[in-house]
Every structure is written in structure tokens, then in C-alpha cells.
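Remarks on the structure that follows.
Computed from a predicted model, the values in this text were never measured in an experiment. Starting from 1, each residue takes its place in the sequence as its number.
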Amino acid sequence: MSGREEPAVDVESPTATARTSHRHRTRGAVTLSLAGIVAAGLLAGAPGASADRPGGRGGQPFPEVPRVPLAVGTGGAVSTVDPYATQIGLDVLADGGTAVDAAVAAAAALGVTEPYSAGLGGGGFLLHYDAETGDVDAYDSRETAPASFTDDVFLGEDGQPLPFRDVVSSGLSVGVPGTAALWERLAETEGTHPLAELLAPARELARRGFVVDRTFSDQTAGNADRFRQFPATADVFLPGGDVPQPGDVFRNPDLARAYDQLARRGTETLYGGGPMGRAVVRAARYPRTAAGVEVFPGQVTASDLAAYEVLEPEPVRSDYRGLEVVGMPVPSSGGLAVAESLNLLEAYDEITGAPLADVPQDAYLHRFAEATATAFADRNRYVGDVPGVPADELVSQGFADERACALFDPDRAAARPVPFGSPDGDYSADPATCTSAGTQAPPRDDHGTTHLVVADASGDVVSYTLTIEQTGGSGITVPGYGFLLNNELTDFSFAPTTPGVPEPNLPGPGKRPRSSMSPTVVLQDGTAVAGLGSPGGSTIITTVAQVLTGYLDRGLPLVDAIAAPRVSSRNGSTTTVEPEVADGPLGAALRARGHQLSTSAEIGAATAVRVLPGGGFEAAAETVRRGGGSAGVVAPG
């Protein structure tokens, strides 16, 4: 462990010259008017446009923007957890930008207002449906392990796993970030605006400040002791040593400087040996800590940054109720687990003869919990950044039918942990022959993230989940740049969870840790009709699946499907439920079926957009969770 003083940070002058050019398609205007932001009292400009030095404190703070959970209209739609990000995305759409343009601009804004969930120090997964071609492209900007990582890196000298609490707030948890690389890739290949213009609103938001809400304040308070271990973090997120309170104005001039540097130099400044990259390496390898605090040093090098790649894998596709559900592939487990959960629910329909749409609410929640617990058993056993993941079999209906046959009882919860199956292509739905393969202890839970959905006037849809992992990431802020580094490498399993059972999610050189992120796009006859997703660690999978089934099976309007009380069974000893379930008749009915319940105040924070017939849009977000989300359309009505 190390409390070593970090070397001085080389912060680039904001007047430096850009090294990279932008090669972007022209679908609309190139000049960003930001009319919607101006109408909301915000003002942005191109890098260097302000008389104040980027990163300075000049200018009036942005006023508070209302939170609206449902919006219907035309011209495009945006749904995020934050009203500033939603407004910025809508303005880009109104200026002729594509869904990709708006997604990048909104994500950059979330890096300002949701810095404990997302930002330049993290990564994510994105799906883009192109209405012109009908294609859905997947983008993997997941963080990677350093080349020096081994499968025993998280084991102590005694061969036992290091304490999670010691690893999470240390350089050892930091993976190579991928967010900036994804933004530049998208701006150059899919957008109509160069990255510099897309970053401008977020840069101004960071420079001038925004009004703190309850969630931001509570998350800061929950991390305050950890943040005080790192002086650079305390300087940024505990201004004057205090937790920002609701109604305060929070500014991050260092992050404004980071966005300005990216706008001028492109990602060469991070991945090409530039000053931002050097600062990231120093912060991860030699975390500067408060007196008396020692933490594990990291292993990220300049070579690891230079080797980083945004991947474009084939997405996961499955059928549900006549629709095509598209999700992210490995190293995300989200697309596979959501698909298997939905397939299992269809199998339960066959077993019981009662469609999910017609059963009482307690029976629906029982079926849902059994399906997700089963999918998690298979996810934990087979999914990781390793060769030979049986993805096609895991999302096959035959496999789901065999799993349902072996485990499902309409009146009784299966014993936990549910055993994993054999996705070998040889399936039986005969009760006399269907079996499970073996049992594996569930891994440690994961956390964090944020999600956004955008649709543009042409019908393109983007569903994007981005993260720095745990709320507050590693707790380490890059000095001079104002963003937190991820603790994504703690998503690896520190050691095999069950002796004798292969563990696909051990760390290794250049590997990407398994994720639960589940950006999803739903197609009908090849045309996108919805996009959705959620933050929430491993509860992302259950949240996305429950919103889908609430909307598609239970007949709830989309905003009500998002607001409905949630359950999350992830093959642990308990089924997690929100208080409205735990404390009422539904909780009693689930307990009567054998479910051991635990309570969580909130599960997930979903956002979604529906593409309506005739060119309209419906954007929906949380009504209460995290203080309510923010949904908007370009032209309401």
C-alpha cells in the first residue's frame, strides 16, 4: 500500500492547438445553437468563447431545471436521470443533431451533474439503432485491466482475497477508462457535430455551476469520509471542507478544463501520451492521500492507455412476444441475462397454461423472481471476458424450456442458490429427464452507473449506460482535471466463488470485467419502437426486465411500468424488494411461496423512450426514485 506523494501534474494550457481532425457525417447543421438551453436560462459556447479562462468561475450559475417524468411530442426525445443533461440533449436534437450527437452531449453533462456515477474516468456500453439501415450497432467502451494484471492480483500473501473495502478505494481498482474514446469515435463516425461542439454545453455547466439536488448532496455525504482520504477529491467535491447542500451551486472548473482540453486536442491528450493521460497514470499508480492514509498503488501505464480500443461486437438478439429485444454481449452479462429471463417467463406460460398477462400480481412477481434467479445462476457460471461463452445457447428458447422444466414451481420458490444449467444444445422439457448441472455460490454484488436514452426525428435510437462503478468510483480524483477514476476492476471476482467450479470472471491482462449494464433496444418488424435501461449494478438486469414485462405483459403505460414497485432476485439467499412490496400483501404472498425477502429503499432508476406511430415520441423516467428522472421531447404536444 502507498501514501506516496503524486508527482506534479502537467496541465495543458487551454490555448493549446488541437491535434486531431473530425470526420463526421453531415446530416444537419454543424453550428450548435443551444436554443433550448438558452430558453432554460443556460448559455454555452465553443471552447475559448468565454472571456473567462476555461475552468474559471466567471458567469452566472445555471438555474435549476424542472424534473418531468413523462413527455410526449415530436422532433426527438431524451430521457436521463438529470434535467440538465436532458435539456442539453434536447437542444442538440433541436439544432439538427442526431441521436448519437445528443447522447454524447447529454453523457458529457452527466459527467458534471452525476460525477459519482459517470464521467471521463469510466466506461460503458451503447446501442445505436440506425433507422436508415435498420442496423443496431453495439459499442463496448468497458474499462480494461492493465497488461500487468494476473488472476491472483486481488489475493494476499496468504492466498485469501484482499478486503474489498481496501481495494475499492485504491489505485489497484482502477481500469483503463474508455468513455472519452467512445465519444470521439461516435462524433467522428455517426454524428453531425464535432466533439468540441458536443462538449461545449457540459464544459459551461461545469465552469458556471449547477444547483445541487438532494441526490447529489446525499451521495456526497455518503462518500465524504472516503473523499477526505484523497486531497484532490476533497478539494473538488467537498468545497471548503463541507458537503454541498440542496440548493447550493456546485462548480467544477477543473472538469471544465478537462473538457476544454479534449475539445482542443481530442483524445490524444488521454490515450496518446498527452498531459491528461500522464495525470491519469500518476493518479492511479501513486494516489496522493491524506496524512496517515495508505492505499494500494495501481498498475495502469501509458502503454495501457495507448492500447485501449472501443470494440464493436455483435449485439445479443432474442424474441419476446413477437418483438426483437436487442442487448449488449459479453463482457456485459445484461443482454444475455435479460434475454434468458424473458425466455423463462415464456416457458412458465407453457408450463402453467396461464399467460403472464393474466395472472394475479403476486403470481407475476413470483414468476419474475424465479426467472431472474435462474438467469443469474447461468450468468454467474458462464459469462465473463473469456473464450467460449455459450451465448447463443444461453438465449435459446430450448435452454430456457429445459431450465424451467427442472426448476419452476408455480407455487413455491426454488431453493437458493438455484443450480446452473448445461447450455449444450441438447435440451429436454420432459420432467422425467430435465436436470440442472451444479450449484455455484453467487458473487459479490456490484453497484453504480447512470443511463440515458435518445431518439431523433429520423427514428434513430441510442440506449447508453455509462459508469465509474461504485458510487464515487475509486474515490481518486485526477488532480487538475476534476473527474473521478473508476473502481471497475473490483467487478472481477477476486477468487473462484466455489471450489471445483470454473470462474469466468477472474482478472487477467487486458481483460474487461463482467458487467450487468443492460442498454436495450426493442424492435418490431425490424424497426425500433423503444429504448430503455437503468443504473443499479446487478439490479440493472432485473430492473430492465421488469420494466419490459410491466409494459409488454401487464399492460402498464411506460411511465407506470418504470414507477411500479420492484423486486430483484439475483440468486442470492434473499429476494430484494422495495418497501411497498415488503410491507404489504404482495410481500406476504411472496413469503408464503417461500421467498426470503430483504428490503431496499430503491432498486434502479430506469429511463426509456418509445417511438410512436406517425413520428411521435414518448419519453419516460422515474417519478420518485432518485428524486425523479427527467424526460423531454423537442416539440411537446
Side-chain angles (χ1 to χ4, degrees), residues 40 62 64-71 77-90 102-119 122 124-126 179 201-202 205-206 210-220 222-223 246 250 447-455 462-473 484 516-520 531-537 539-540 543-544 546-547 558-559 561-564 566 578 600-609 618-633:
F62 297 154
E64 193 167 8
V65 180
R67 293 177 180 269
V68 179
L70 177 66
V78 181
S79 182
T80 80
V81 299
D82 178 76
Y84 294 104
T86 294
Q87 181 61 60
I88 285 170
L90 289 172
V104 172
L110 290 171
V112 180
T113 59
E114 294 274 309
Y116 310 140
S117 299
F125 296 101
L126 182 146
T179 291
L205 190 62
F210 62 92
V211 178
V212 170
D213 63 11
R214 171 55 61 187
T215 296
F216 184 93
S217 180
D218 288 348
Q219 289 181 344
T220 308
N223 278 285
F250 182 83
H447 311 274
T449 73
T450 190
H451 186 82
L452 63 91
V453 187
V454 181
V462 169
S463 184
Y464 182 16
T465 313
L466 56 159
T467 183
I468 59 171
E469 218 286 288
Q470 181 168 334
T471 302
L484 287 153
S516 298
M517 288 183 274
S518 308
T520 303
L532 71 158
S534 177
T539 68
I540 293 172
T543 296
V544 169
Q546 190 171 352
V547 171
L558 189 57
V559 70
I562 289 173
R566 293 196 183 120
E578 291 181 327
S600 175
E602 294 180 344
I603 298 174
T607 54
V609 168
E618 177 183 89
E622 296 287 354
T623 56
V624 176
R625 296 181 186 94
R626 292 173 60 112
S630 178
V633 292

How would you list, by chain and number, every residue that makes a salt bridge (Lys or Arg N to Asp or Glu O under 4.0 Å) with Arg625, sequence neighbours excluded?
->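 Arg625: salt bridge (Lys or Arg N to Asp or Glu O under 4.0 Å) contacts with Glu578, Glu622.
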With sequence neighbours excluded, tell me which residues meet side chain to side chain donor-acceptor pair (under 3.5 Å) with Ser518.
->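 Here no residue qualifies.
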Under 3.5 Å donor-acceptor, Thr179 side chain and Gly122 backbone |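 Yes, the answer is positive, given that a donor and an acceptor are paired below the 3.5 Å cut-off.
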Main-chain N/O of Thr467 paired to Thr449 side chain as donor or acceptor, under 3.5 Å |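 Pair absent, no side-chain N/O of Thr449 close to backbone of Thr467.
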Do we see a donor-acceptor contact under 3.5 Å between the side chains of Ser463 and His451?
->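 Judged by distance alone, the side chains do pair up.
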Assess whether side-chain hydrogen bond (donor to acceptor under 3.5 Å, both in side chains) is satisfied between Thr80 and Thr607, documenting all intermediate values.
-> CA-CA 6 Å; Thr80 80; Thr607 54; over 6 Å; no
Side-chain contact test, heavy atoms from C-beta onward, threshold under 4.5 Å: evaluate it for [X] versus [Y] and give yes or no.
X	Y	answer
Asp213	Arg67	yes
Phe210	Val112	yes
Phe216	Thr113	no
Thr450	Tyr116	no
Val454	Val609	no
Val78	Leu452	no
Leu558	Leu70	no
Ile562	Thr623	no

Please name the pair of heavy atoms, one in Ala606 and one in Ser534, separated by the smallest distance, quoted to 0.1 Å.
->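 Heavy-atom minimum between the residues: N-OG, 3.8 Å.
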